[in-house]
There are 2 protein chains.
Amino acid sequence: MPTLTRKGAATRQRILEGAATHIREYGVAATTLDDVLARTTTSKSQLFHYFPGGREELLLAVARFEADRVIEDQRPQLDELTSWPAWRAWRDKVVERYRRQGGLCPLNAVTSHLGDGSPGTRAVVTGLMRRWQSEIANGVRHMQGVGEIDPAVDPDRAAAALLACIQGGVLIQMSTGETTHLEAALDMGIASLRAGAFPTT
Amino acid sequence: MPTLTRKGAATRQRILEGAATHIREYGVAATTLDDVLARTTTSKSQLFHYFPGGREELLLAVARFEADRVIEDQRPQLDELTSWPAWRAWRDKVVERYRRQGGLCPLNAVTSHLGDGSPGTRAVVTGLMRRWQSEIANGVRHMQGVGEIDPAVDPDRAAAALLACIQGGVLIQMSTGETTHLEAALDMGIASLRAGAFPTT
DNA sequence: CGGAAAATGGACTGTCAAGTCCAGAAATAG
DNA sequence: CTATTTCTGGACTTGACAGTCCATTTTCCG
């Protein structure tokens with residue numbers, strides 16, 4: 001990769017965000033390189049200049065882009081799980097985020113289109129999951145520190161369960177359009193923490 | 001659709017199952033009609049004879065096929081959630097099923113490739129979710145009947161949460177290859193039921 | 001400036017896979 | 001048995017889209 005000019009970096013970014021937006025609106029399958037070019041007023045040579053790997057590399061970049069958004073969109077609440085009201089605020093933020101997104105998970109769409117074969121694909125998703133789970137686990141530990149959660153609870157396992165609740169809720173929302181499952185699962189997870197009803201097995 | 005002869009029905013079934021198998025092995029994107037034909041020793045005209053809508057109709061049929069399997073694979077345990085050991089047996093069955101499937105969800109793959117636009121696609125997934133949730137809710141109600149679960153718990157909401165736990169656990173397994181999230185979430189959900197820690201809100 | 005490196009435009013190619021078509025074989029009904 | 005319907009084989013058409021190439025313009029930096 002040669003050094004990028006300021007203009008070059010801007011173009012690259014424009015292509016990336018244009019692709020992400022188009023995918024959000026029409027889905028991965030219905031997104032061709034020409035669509036992206038038209039939307040971003042760029043040309044084939046530019047796209048392949050900045051993404052030599054072509055479509056696959058672009059899609060992977062979009063996946064990374066979306067993965068970052070997922071975490072960012074939960075800040076600052078995700079960093080401040082220090083009281084039960086704070087947990088509630090975070091829960092609301094998550095629900096609101098996905099409600100607004102309207103039953104569409106660009107990240108899931110992109111990764112499932114890249115196939116698991118790709119070396120980078122898994123890394124993006126697992127990296128996101130690890131970061132996410134780790135942040136939640138920190139919240140659990142903090143609550144244990146202030147005596148609000150039973151010390152017998154395994155923070156990582158609890159965070160894993162909560163993460164699964166969110167993922168499942170969002171997945172179901174993708175087909176039903178409703179956030180009821182997401183809300184029910186998240187509420188259950190948090191209630192479990194409060195009640196210390198977590199199996200430590 | 002004209003009436004099918006015995007031979008015709010067999011061919012149709014062969015194509016359908018061949019497509020399903022190929023998709024399981026290689027993914028949707030890497031499955032062409034020619035692949036299916038080669039595997040099932042059939043010809044283009046046969047495929048379009050039995051699936052006039054072409055690729056899309058075939059994919060939808062595969063989705064239905066896989067959706068049915070999901071429920072069937074949980075029997076008989078799913079129908080007999082009448083004691084805590086029975087819940088545990090069901091939990092183990094679910095985990096085992098997805099462990100064996102090895103981080104691959106053909107249904108999710110197919111639907112995400114069909115796009116949400118399709119009229120039938122949503123119906124297949126929402127139908128599956130509704131059936132699944134309804135079966136779980138029946139189990140909850142039965143346990144309430146025998147005094148093992150707090151009557152204040154809303155069976156449908158509890159079932160919704162449990163369903164989300166499973167979906168999320170499987171989704172995460174798709175990228176990590178591990179069933180730890182699935183297990184953690186399911187255990188949490190069942191523990192919640194036992195503890196009556198369900199928010200009734 | 002002025003030359004090297006980077007950025008851009010867009011025509012062109014090649015491939016691949018979905019879908020069409022028709023002729024002929026097998027099955028079914030009466 | 002024979003007429004009608006269903007089933008089958010496979011060649012052919014069509015279109016779309018990823019990726020290539022080179023000529024030209026712009027930017028960078030000493």
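Naming: A, B, ... by sequence-line order, numbering from 1 per chain.
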* Would you call B/R194 and B/D150 a salt bridge, taking side-chain N to carboxylate O under 4.0 Å as the test? -> no
* Asked: B/S43: what forms a side-chain hydrogen bond (donor to acceptor under 3.5 Å, both in side chains) with it, not counting sequence neighbours?
  -> B/S45, B/Q46
* Taking NE2 from B/H113 and P from C/dA18, how many angstroms apart are they, rounded to a whole number? -> 13 Å
* Taking side-chain contact (heavy atoms from CB on, under 4.5 Å) as the test, write out the residues that go with A/Q77, two or more places apart. => A/A89, A/W90, A/K93
* Protein proximity profile, nucleotides 24-30 of chain D - base contact B, sugar-phosphate-only contact S, no contact -, cut-off 4.0 Å on heavy atoms -> --SSS--
Could you list the donor-acceptor pairs under 3.5 angstrom formed between side-chain atoms of residues 18-28 of chain B and any protein atom two or more places apart in sequence or on another chain?
unit_1 : atom_1 : unit_2 : atom_2 : d
B/T21  : OG1    : B/E17  : O      : 2.8
B/H22  : ND1    : B/T31  : OG1    : 3.2
B/R24  : NE     : B/E66  : OE2    : 3.1
B/R24  : NH2    : B/E66  : OE1    : 2.8
B/E25  : OE1    : B/R39  : NH2    : 2.8

* **Dot-bracket notation for DNA chain C, counting Watson-Crick and G-U pairs under 3.5 Å, with | for partners on another strand** => ||||||||||||||||||||||||||||||
* Asked: What string of B, S and - do you get for nucleotides 16-21 of chain D, 5' to 3', if B is base contact, S is sugar-phosphate-only contact and - is no contact with any protein heavy atom under 4.0 Å?
  -> -SBBBB
* To do: Kindly write out the residues that satisfy side-chain contact (heavy atoms from CB on, under 4.5 Å) with B/E96, not counting sequence neighbours, or none if the list is empty.
  => B/R99, B/R100
* side-chain contact (heavy atoms from CB on, under 4.5 Å) partners for A/T32, two or more places apart -> A/D34, A/D35
* Structure fact -> Rounded to whole Å, the CG-C1' distance (B/L47 to C/dG19) equals 10 Å
* B/H49 NE2 to C/dA27 C1', straight-line distance once rounded to whole Å -> 12 Å
* Asked: What pairs with B/R64 under side-chain contact (heavy atoms from CB on, under 4.5 Å), at least two apart in sequence or on another chain?
  -> B/L60, B/V124
* B/Q46 CD - C/dA27 P separation (whole Å) -> 13 Å
Enumerate donor-acceptor pairs with a distance under 3.5 Å from any side-chain N or O in residues 174-183 of chain B to protein atoms, sequence neighbours excluded.
unit_1 : atom_1 : unit_2 : atom_2 : d
B/S175 : OG     : B/I172 : O      : 3.2
B/T176 : OG1    : B/I172 : O      : 3.1
B/T176 : OG1    : B/E178 : N      : 3.1
B/T179 : OG1    : B/E183 : OE2    : 2.9
B/H181 : NE2    : A/Q133 : OE1    : 2.6
B/E183 : OE1    : B/R91  : NH2    : 3.3

* **With sequence neighbours excluded, residues passing side-chain hydrogen bond (donor to acceptor under 3.5 Å, both in side chains) with A/R69** => none
* Just jot down the side-chain hydrogen bond (donor to acceptor under 3.5 Å, both in side chains) partners of A/N138, sequence neighbours excluded, or say none. => A/R141
* Any B/Y50 side-chain N or O less than 4.0 Å from OP1/OP2 of D/dT6 -> no
